[in-house]
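Note on naming: letters A, B, ... go to the chains in the order of the sequence lines (proteins, then strands), and numbering restarts at 1 for each one.
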Amino acid sequence: MRYSKLFLPTTRETPAEAEVISHQLLLRAGCIRKLTSGLYTYLPLGLMAMQKVAAIVREEMNRAGAQELLMPMVQPADLWQESGRWQKYGAELLRFKDRHQRDYCLGPTHEEVITDIARRELHSYRQLPVNLYQVQTKFRDEIRPRFGLMRGREFVMKDAYSFDVDDEAAGKSYRIMKEAYHRIFQRCGLSFRAVEADSGSIGGSFSHEFMVLADTGEDTLVICSSCEYAANVEKAAVALSEAGSAAEGTAALTRVETPGMKKVDRVADFLDVTPADIIKTMVFLADGEPVAVLVRGDRQVQEVKLKNLLGAAEVEPIDDDTVWKLTKLPVGYMGPVDIQIRLVADQEVMRMTDAIAGANEKGMHLRGVNPGRDFTPELVGDLRQITSEDGCPACGGRLSFTEGIEVGHIFKLGTSYSEALKATYQDKDGVDKPFVMGCYGIGVSRVVAAAIEQNHDDNGIIFPLPLAPFQVIVLNLGMKNEAISSAAEQLYRDLQDRGIEVLLDDRDERPGSKFKDADLIGIPYRATVGKVYEKDGMVELRLRATGETTMLPFESAGKQIATMIREELEQLQQSFD
RNA sequence: CGGGGCGUAGCGCAGCCUGGUUAGCGCGCCUGCCUUGGGAGCAGGAGGUCGAGUGUUCGAAUCACUCCGCCCCGACCA
């Protein structure tokens, strides 16, 4: 490709709308342009990078035995009513009517449609297992789209669905996908980690997330330093230590004035205790109903765990005014004793003795509060966020925390969709059984953003070679110089003939601009033909990632560059073969 | 949806508080000259319903109200 013919509008300045680096660089490097909030046009360069990801995904999915199909983006409401998600999915599902006033939605995911295909076309255990996937644009009416491609409303996703005869077979399908995902992200040249995850609204029993490690990640991961354990903090179970569990509270319940002490720290200071001696009471809205949640004063409520314990579809924190309106409880002085709303507690709270808690009266706290004696929660469970002081749930080892960007998620779905949609097959004995399903997603467009979050510097993007729109950029620094220009052209053709994806910068620009743009768009290899060629017959090869520079004799430059690229790509592939 | 901020040329911004000629600056763009190894220089030029509407005023980018759009923090997620 010739740069002079390529639609590649780069900018020197960063548009004010972009906050995170991948968004800034995607805009500056002419990869995307915004249409409106959460909706982007992929310009040629951005599309090329995304197609690189998609190609790797397709190769590995096919290798794993999955088959590609393509489902409609518009889906009829009745399918969603059958699965029950028309009610459950919430405002993220964009609904609309056609001219006949029939209800439809824009597909945020395709469990319903694929299950419909399965129930129509798969009838016998002999046909199983089956794994079908697509690469398609999804639409989710996100509450707040942000960060460019990281969280758009429209995004490109690869979604796969497996159908098996039983749990064991489904487990096998799951493991095959997990393996395929490892290969995919490995081949993309990304630093990533698979972690145990909450299965979220899609439902199902078990799941792993694939996280690209980057400082700007939206998720926090805990990783054990001594075993294989890795999990999303939403999921990471807190192991309750046995220490102190035998002690029994003896103090009598007494009231104490704590005027103006709304924060745990201040109450602790005032009463000369530590936050760990205080029971913190917070109110959440679970499917619209207020619920009081207890954790130790120095702990944080993990909302996903709370949601799962309550079996709620939605849990949200509420502001002080709303708490008062709904419950007549004074924020800052709430406590579990004689509370009039639903009460749940973190397991750790039940071990506390002679604790401090709010008195449900402004300016008052209680001393000597003892679980069991003074209050009994409706539910007790692991509700708090894990901390670095907690041991690994698997082996007790030390935990470290890392930020990550979720680019893939695999779920064991079980039979929830197949049962709801009556999708069954006949087993050997002629008995109708629901398919045991799995579903497997990769945010293809998000992978591009994540790759940039992980790989960039002050000068721009540093594409990993497998995702780069072009593998090499050849700079012609002597547009008006016959010898230099023809040498650049010759190198360009030579690389093309060797099957290398090469961009020739043949624009009538000064060298400085060419260097800057080459850096900005992140092409891994840069070959410069200029003065040095004229003088010594040498081409300068520079690696975008390291800045490492070597001089190659013009005659063998094409061959050497092609070889380097081949070797780098092969290395990434071989690391798991 | 709750909280915060912003809308002035393609992009980045000033002007607004304290209303008053022709609305500026940098980058980019066009023409010419010149220059050619890290976003050069000189000269000339094009480009604006100041987000929209209503109001206040002799007079509104500037003040008030309403609406729209966008961005940031929270809940959601590939």
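In this structure, Ser37(A) reaches the C71(B) phosphate: one of its side-chain N or O atoms is under 4.0 Å from OP1 or OP2. Arg146(A) has a side-chain polar atom (N or O) that falls below the 4.0 Å cut-off from OP1 or OP2 of G74(B). Contact annotation: Lys307(A) does not reach the phosphate of A75(B) (side-chain N/O to OP1 or OP2, under 4.0 Å).
Which of C77(B), A75(B), C71(B) sits closest to the side chain of Glu17(A) comes down to C71(B). Of the candidate nucleotides C73(B), A78(B), G12(B), C73(B) has the atom nearest to the side chain of Arg144(A).
Residue contacts for Gly460(A): at a heavy-atom cut-off of 4.0 Å it reaches no nucleic acid atom on any strand shown. Within the 4.0 angstrom heavy-atom criterion, base atoms lie near Glu142(A).
Ring orientation note: the planes of Phe192(A) and His182(A) are tilted relative to one another, at an angle of 30° to 60°. Ring geometry for Tyr181(A) against Phe185(A) counts as perpendicular: the plane angle is over 60°, on a 0 to 90° scale with 30° as the lower cut. The aromatic rings of His208(A) and Tyr174(A) sit tilted relative to each other, their planes meeting at an angle between 30° and 60°.
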Criterion salt bridge (Lys or Arg N to Asp or Glu O under 4.0 Å) on Asp346(A) and Arg384(A), from CA distance to verdict: CA-CA 7 Å; Asp346(A) 181 63; Arg384(A) 57 167 258 240; 5.0 Å; no
Run the numbers on Gln300(A) and Gln385(A) for side-chain hydrogen bond (donor to acceptor under 3.5 Å, both in side chains), then give the verdict. CA-CA 6 Å; Gln300(A) 296 224 308; Gln385(A) 179 130 346; 5.5 Å; no
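One finds a salt bridge joining Glu68(A) and Arg58(A) here, because a Lys/Arg side-chain nitrogen approaches an Asp/Glu carboxylate oxygen to under 4.0 Å. Salt bridge present: Lys138(A) and Asp159(A) bring a charged side-chain N and a carboxylate O closer than 4.0 Å. Under 4.0 Å is where a charged nitrogen must lie from a carboxylate oxygen, and between Arg28(A) and Glu13(A) no such pair does.
Across all strands shown, the partner of C1(B) is G74(B), judged by Watson-Crick or G-U wobble contacts whose two distances both fall under 3.5 Å. The nucleotide C25(B) finds its pairing partner in G12(B), both defining distances of the Watson-Crick or G-U wobble pair being shorter than 3.5 Å. For G69(B), the paired nucleotide is C6(B), the pair qualifying as Watson-Crick or G-U wobble because both relevant distances are below 3.5 Å.
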What N/O pairs connect the protein and nucleotides 47-52 of chain B at under 3.5 Å? Give each pair on its own line.
none

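The distance between atom CD of Glu111(A) and atom P of C77(B), rounded to the nearest whole Å, is 13 Å.
Rounded to whole Å, the P atom of G2(B) lies 50 Å from the corresponding atom of G41(B).
In terms of position on RNA chain B, the residue among Gly38(A) and Val304(A) whose nearest nucleotide sits closer to the 5' end is Gly38(A).
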Quick one: side chains of residues 14-22 of chain A, donor-acceptor pairs under 3.5 Å with protein atoms, not counting sequence neighbours, listed by atom name and distance.
unit_1   : atom_1 : unit_2    : atom_2 : d
Glu17(A) : OE1    : Lys34(A)  : NZ     : 3.3
Ser22(A) : OG     : Glu453(A) : OE2    : 2.7

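The base of C77(B) has none of its N or O atoms less than 3.5 Å from a complementary donor or acceptor on the side chain of Arg140(A). In this model, a side-chain donor or acceptor of Glu13(A) finds a partner on the base of G26(B) within 3.5 Å.
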List the protein contact pattern of nucleotides 32-43 of chain B with one symbol per nucleotide (5' to 3'): B for base contact, S for sugar-phosphate-only contact, - for none; contact means a heavy-atom distance under 4.0 Å. ---BBBBBB---
